[in-house]
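Working notes, structure below.
This chain uses plain numbering: 1 for the first residue, then up along the sequence. Reckoned from all heavy atoms, side chains included, excluding hydrogens, waters and symmetry mates.
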Amino acid sequence: MTLKEWFARRGGTANPAGRPVVLFPDTFNNHFHTGVGVACVEAIEAAGWRVILPEEHICCGRPLYDYGFLDTAERYLHRVLDILRPHLRAGTPIVGMEPSCLAVFKESCPNCCPTTTPGG
């Protein structure tokens, strides 16, 4: 079972009245190490937050950058930004679990999408 399937089966967040936070369901923790993702959801909720997991499949495209598939990686990144844009505009924090995925937003996003700004 994936992290997103686990989250949906339990009925979503345990804190429906908490302040919202988006958890980026990276491919690694969603599919291969679901227990890490479950622990992350539970830790965030224990701190009183309402976890939001995007329903759509999103991937930062990190392996695509690493292997030189830059056009495809850019399309992945634009899709992620399109999905996260409403949350960014609302000022909702976005939390990630996988450091290499988070690095995409810090390193590759400015190079790939120089006119893209958070909330823009």
Side-chain angles (χ1 to χ4, degrees):
M1 174 181 336
T2 68
L3 171 63
K4 289 170 62 171
E5 290 169 343
W6 170 84
F7 192 75
R9 284 186 184 175
R10 78 188 270 247
T13 189
N15 294 331
R19 185 171 171 227
V21 62
V22 175
L23 180 61
F24 187 87
D26 63 86
T27 301
F28 185 74
N29 288 300
N30 186 36
H31 290 279
F32 303 113
H33 289 278
T34 302
V36 172
V38 169
C40 189
V41 168
E42 291 173 343
I44 293 169
E45 290 175 339
W49 293 81
R50 174 173 50 102
V51 174
I52 298 169
L53 279 180
E55 291 181 19
E56 304 90 337
H57 169 72
I58 56 175
C59 176
C60 70
R62 181 67 186 222
L64 296 168
Y65 294 101
D66 293 344
Y67 289 100
F69 298 101
L70 301 181
D71 291 340
T72 304
E74 184 175 354
R75 284 194 302 275
Y76 268 63
L77 188 55
H78 280 283
R79 183 169 185 275
V80 168
L81 293 173
D82 287 344
I83 291 167
L84 295 179
R85 186 171 287 113
H87 302 291
L88 291 166
R89 286 187 172 151
T92 305
I94 299 173
V95 175
M97 297 175 275
E98 176 58 40
S100 62
C101 293
L102 297 174
V104 167
F105 296 102
K106 182 177 180 185
E107 298 166 4
S108 301
C109 187
N111 295 327
C112 187
C113 310
T115 60
T116 302
T117 58

field: For R62 against S100, the heavy-atom pair lying closest together
entry: NH1-O, 3.4 Å
- prompt: Hey, does H87 have a side-chain heavy atom less than 4.5 Å from the side chain of I52?
  reply: yes
message: Could you go through R9 and M1, starting from their C-alpha distance and side-chain angles, then the distance that decides it, and tell me whether this counts as side chain to side chain contact (heavy atoms under 4.5 Å, CB included)?
response: CA-CA 10 Å; R9 284 186 184 175; M1 174 181 336; 3.0 Å; yes
query: Applying the 4.5 Å side-chain criterion to the ILVMFWY set and letting contacts propagate, would L77 and F28 be lumped into a single cluster?
result: no
field: Shared hydrophobic cluster for V21 and W6 (ILVMFWY, side-chain gaps under 4.5 Å)
entry: yes
message: Are Y65 and Y67 linked, directly or through intermediate hydrophobic residues, by side-chain heavy-atom contacts shorter than 4.5 Å (ILVMFWY only)?
response: no
- request: Taking side-chain contact (heavy atoms from CB on, under 4.5 Å) as the test, write out the residues that go with T27, two or more places apart.
  value: H31, F32, H57, C59
field: Separation between NE2 of H78 and CZ of R85, rounded to the nearest 0.5 Å
entry: 9.0 Å
message: Quick check on E55: does its CD atom have over 12 non-hydrogen neighbours (other residues, nucleotides or ligands) under 6.0 Å away?
response: no
- prompt: In Å and rounded to the nearest 0.5 Å, what is the CZ to CG distance from F24 to N30?
  reply: 10.0 Å
message: Restricting to non-hydrogen atoms, name the atom on I83 and the atom on P54 that form the minimum distance, rounded to 0.1 Å.
response: CG2-CB, 4.2 Å
task: Give a yes or no on whether a salt bridge exists between R75 and D71, defined as a side-chain N under 4.0 angstrom from a carboxylate O.
output: no
Presence of salt bridge, D82 and R79, under 4.0 angstrom: no
Using atom types as modelled, flag every donor-acceptor pair under 3.5 Å from a side chain in residues 11-20 to any protein atom, sequence neighbours excluded.
unit_1 : atom_1 : unit_2 : atom_2 : d
T13    : OG1    : N15    : N      : 3.3
T13    : OG1    : E45    : OE2    : 3.0
T13    : OG1    : V51    : N      : 3.1
N15    : ND2    : E45    : O      : 2.7
N15    : ND2    : W49    : O      : 2.9

message: Please determine whether residues V80 and L88 belong to a single hydrophobic cluster, defined as Ile, Leu, Val, Met, Phe, Trp and Tyr linked transitively by side-chain heavy-atom distances below 4.5 Å.
response: yes
task: Mind checking the CZ-OG1 spacing from F7 to T34? Nearest 0.5 Å is all I need.
output: 14.0 Å
message: Tell me the closest heavy-atom pair linking G37 and L23, and the distance in Å.
response: O-CD2, 4.5 Å
task: Report the C-alpha separation of V95 and V22 in whole Å, then their side-chain angles, then the decisive distance to 0.1 Å, and conclude whether the side chain to side chain contact (heavy atoms under 4.5 Å, CB included) test is met.
output: CA-CA 6 Å; V95 175; V22 175; over 6 Å; no
- request: Supply the atom-to-atom distance L84 CG to I94 CD1, rounded to the nearest 0.5 angstrom.
  value: 4.5 Å
query: Do P25 and I58 come close enough that some side-chain heavy atom pair is under 4.5 Å?
result: yes
task: Under the side chain to side chain contact (heavy atoms under 4.5 Å, CB included) rule, what do V38 and L3 come out as? Steps first, then yes or no, please.
output: CA-CA 6 Å; V38 169; L3 171 63; 4.1 Å; yes
- request: Working to the nearest 0.5 Å, report the span between CG of D26 and CE of M97.
  value: 5.0 Å
